[in-house]
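Each chain gets a letter, A, B and so on, in the order its sequence line appears, and its residues count up from 1. Excluded from the calculations below are hydrogen atoms, water molecules and symmetry mates; all remaining heavy atoms, backbone and side chain alike, are included.
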Protein chains: 2
Amino acid sequence: MLDIASSSLIPKTPAASPETPGGSGSSALLNHMARIMRLQAESALAPLGLRPRHLVALSILRDHDGGTQQTLAALLSIDRTNLVGLLNDLETEGWIERRRDTEDRRRHLVVLTETGSEKLADAEAALVNAEDHVLRGLDEAQRQQLQSLLQLAAAGHAAGHAGGCTEQEPIGHGSACLAAQADEELGAC
Amino acid sequence: MLDIASSSLIPKTPAASPETPGGSGSSALLNHMARIMRLQAESALAPLGLRPRHLVALSILRDHDGGTQQTLAALLSIDRTNLVGLLNDLETEGWIERRRDTEDRRRHLVVLTETGSEKLADAEAALVNAEDHVLRGLDEAQRQQLQSLLQLAAAGHAAGHAGGCTEQEPIGHGSACLAAQADEELGAC
DNA sequence: CAACTGCTTTGCGTTGCACAAACCATTTGC
DNA sequence: GCAAATGGTTTGTGCAACGCAAAGCAGTTG
């Protein structure tokens with residue numbers, strides 16, 4: 001006999017009880033919602049010549065303008081050889097510039113150009129409908145709340161680089177953090 | 001001259017103002033945080049023989065047990081040929097079963113097995129540290145809040161399938177939703 | 001000046017998909 | 001009764017987004 005009660009598309013219980021310490025279940029939910037958002041974002045961004053990974057990089061650059069490639073790779077948690085390719089895309093379009101650090105000419109400082117800032121603003125305007133659609137289960141206040149919490153989490157992650165280990169290393173490895181070292185150097189200048 | 005003020009890892013301004021209608025900026029933040037979470041999750045899940053996409057599928061199944069493959073594909077927003085491969089993985093491990101629908105023998109109903117429920121619980125226990133680490137910028141109440149908002153968003157997405165178009169189609173296409181059709185059929189039984 | 005660092009290029013491999021075509025079993029509608 | 005449609009499966013191709021390794025160049029450091 002068909003089990004009707006359990007076959008509805010509407011979830012019957014939350015994945016984790018609200019009182020669960022450490023909030024287990026966030027991982028699956030983040031993955032799931034991010035994937036759905038990305039599918040919508042790809043359609044919205046394609047006419048602008050952007051891909052979601054470009055958007056993420058430009059957003060991070062807006063907040064961390066003028067940092068080194070090392071710190072960017074750490075913030076984005078990607079391999080530096082992949083960062084090079086990503087920045088090549090953005091530079092080719094004129095959205096960023098690599099500027100040689102006068103204090104250490106081995107380094108580039110990566111800055112968002114005016115064109116890049118405008119493109120990012122265009123992209124975010126293009127995404128409003130996509131985000132409204134994907135987040136239609138939330139009201140306006142809840143969307144703001146989600147955004148704020150994600151921003152706090154991202155800031156905590158960035159700050160964690162200043163004080164801890166790289167994301168690529170699983171938790172517990174004690175090696176010095178590249179971003180932390182770079183940040184300390186900048187702080188000392 | 002090195003621009004110290006703009007080179008810190010700590011973001012200087014939020015990506016979007018809290019009063020921005022539609023909360024633009026969620027897309028980049030979701031992508032970014034999901035990727036960071038996934039990197040940690042992969043390490044935590046590997047000893048259990050799970051990958052993040054397995055975790056997402058098992059989590060969705062816990063909430064939507066006994067649904068058809070069609071509705072699962074719609075919920076997960078993946079192509080049905082990819083769903084077959086994903087379910088083959090889960091079935092091989094004994095975490096799910098495909099049961100023939102006695103009312104329509106073309107269909108399988110996909111159910112989480114007891115082994116699968118246990119494996120999912122194990123996975124979530126393994127992820128507690130990863131989630132604590134990735135979300136260390138949030139306090140306990142904020143993590144619960146984030147989880148609740150993501151669950152609401154996921155529920156809204158699932159409900160949206162009951163009443164609207166598929167995720168694969170960009171917003172605005174008016175074709176009938178497969179999941180909506182399936183859910184209506186189930187509701188009528 | 002050797003050793004190290006920041007970045008770049010090239011190459012290889014894996015994962016997670018989308019998409020297409022073809023097929024089988026079953027149901028539906030005329 | 002049968003053609004058309006449906007649910008699922010298999011095979012194949014291609015692509016994006018990575019990780020990782022090796023090698024090399026320019027520049028800095030001790």
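- When the nucleotides dT27(C), dA20(C), dA22(D) are ranked by their closest atom to the side chain of Thr81(A), dA22(D) comes out on top.
- In this structure, Leu76(A) atom CG and dC18(D) atom C1' are separated by 13 Å, rounded to whole Å.
- The side-chain contact (heavy atoms from CB on, under 4.5 Å) test with Glu124(B) is passed by exactly one of Leu120(B), Val128(B), Asp122(B): Leu120(B).
- Looking at heavy atoms from C-beta onward, Arg107(A) lies out of side-chain contact with Arg100(A) at the 4.5 angstrom threshold.
- Not a single donor-acceptor pair, N or O on each side, falls under 3.5 Å between the base of dA17(D) and the side chain of Asn82(A).
- The nearest heavy atom of DNA chain D to Arg80(A) and to Arg51(A) marks one nucleotide each, and the one closer to the 5' end goes with Arg51(A).
- Atom-to-atom, CD of Gln69(A) to C1' of dT5(C) comes out at 13 Å; the value is rounded to the nearest Å.
- Remark: C1' of dC18(D) and CG of Asn31(B) are 14 Å apart, rounded to the nearest angstrom.
- Counting only N and O atoms by type, the side chains of Ser26(B) and Glu131(A) include no donor and acceptor under 3.5 Å apart.
- For Arg106(A) against dT5(C), a side-chain-to-base donor-acceptor contact under 3.5 Å is present.
- Ranking dT8(C), dA17(D), dT15(C) by closeness to the Arg53(A) side chain, first place goes to dA17(D).
- Across dC7(C), dC19(C), dC18(D), the shortest atom-to-atom separation from the side chain of Ile78(A) is found for dC18(D).
- Checking the phosphate oxygens (OP1, OP2) of dT27(C), a side-chain nitrogen or oxygen of Arg105(B) falls inside 4.0 Å.
- Phosphate contact (OP1/OP2 of dG6(C), side-chain N/O of Gln70(A), threshold under 4.0 Å): present.
- Summarising the geometry, the separation between CG on Leu83(B) and P on dG8(D) is reported as 8 Å, rounded to the nearest angstrom.
- Side-chain contact check for Asp101(A) and His108(A): no donor-acceptor pair (N or O, by modelled atom type) lies under 3.5 Å.
- Listed pair Arg35(A) / dA18(C) meets the phosphate criterion, a side-chain N or O lying under 4.0 Å from OP1 or OP2.
- Side-chain proximity of Arg98(B) to the nucleotides dC20(D), dT9(D), dT26(C) is greatest for dT9(D).
- Note on Arg100(B): nothing from the nucleic acid sits closer than 4.0 angstrom, heavy atoms only.
- Rounded to whole Å, atom P of dC4(C) lies 17 Å from atom CG of Asp104(A).
- The nearest whole Å value for the distance from the CG atom in Leu90(B) to the P atom in dG16(C) is 12 Å.
- Taking every side-chain heavy atom of Asp79(B) into account, dA18(C) is the closest of dT15(C), dG8(D), dA18(C).
- Side-chain atoms of Asn31(B) and Arg35(A) include no donor-acceptor pair closer than 3.5 Å.
- To the nearest angstrom, P of dT9(D) lies 12 Å from CG of Leu86(B).
- In this structure, Leu135(B) and Leu149(A) have side chains that are not in contact, with every pair of non-hydrogen atoms separated by 4.5 Å or more.
- The phosphate of dT5(C) has neither OP1 nor OP2 within less than 4.0 Å of any side-chain N or O from Arg107(A).
- Summarising the geometry, the separation between CG on Leu55(A) and C1' on dA17(D) is reported as 16 Å, rounded to the nearest angstrom.
- Nearest nucleotide to the side chain of Asn88(A), out of dC7(C), dA16(D), dT9(C): dT9(C).
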